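As structure tokens, the structure follows; a few thoughts come after it.
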Amino acid sequence: MVRSADGNWAVRSTGAEKASKVFQSKELAVSHARTLARNASAGVYIHGKDGRVLSKDSYATNDPHPSVKGKQ
């Protein structure tokens, strides 16, 4: 989940060029990204306005570190 050039929040898979969905609020984007990650047993990286990773949440069943929070 990253901030797009137009100021919206884009949810996209790692390596994808296009966002799967774009939101006006960060909260809605985070919720959607987490739902997708849970359904796919994958992880989600939450980026700040500056592009840095703020947090990582993993929903993979074999991840030894399921959640790592960064500095806000």
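Below, all heavy atoms of this structure are taken into account, side chains as well, without hydrogens, waters or symmetry copies. Because the structure is a prediction, the values reported are computed rather than measured.
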Would Val2 and Arg12 satisfy side-chain contact (heavy atoms from CB on, under 4.5 Å), going step by step from the backbone distance to the final call?
CA-CA 8 Å; Val2 296; Arg12 66 178 170 90; 4.1 Å; yes
Let's go through Asp57 and Arg34 carefully: what are the C-alpha distance in whole Å and the side-chain angles of both, what is the deciding distance for side-chain contact (heavy atoms from CB on, under 4.5 Å) to 0.1 Å, and is it a yes or a no?
CA-CA 8 Å; Asp57 294 314; Arg34 286 184 172 145; 2.8 Å; yes
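The distance from atom CG of Leu36 to atom NZ of Lys21, rounded to the nearest 0.5 Å, is 9.0 Å. Here CD of Gln24 is found 9.0 Å from CG of Asp6. Values are rounded to the nearest 0.5 Å. To the nearest 0.5 Å, the span separating CZ on Arg3 from CG on Asn8 amounts to 8.0 Å. From Phe23, atom CZ reaches atom OG of Ser31 across 8.0 Å, with rounding to the nearest 0.5 Å. One distance of note links CH2 of Trp9 with CG of Leu28; it measures 12.5 Å at 0.5 Å rounding.
Here the shortest heavy-atom pairing between His47 and Met1 reads CD2-O, 2.9 Å. Scanning both residues, His32 and Ser20, for their nearest heavy atoms gives NE2-OG, 4.4 Å.
At least one side-chain heavy atom of Tyr59 sits less than 4.5 Å from a side-chain heavy atom of Val44.
Panel note: side chain Ser4, backbone Ala10; no donor-acceptor pair is recorded below 3.5 Å.
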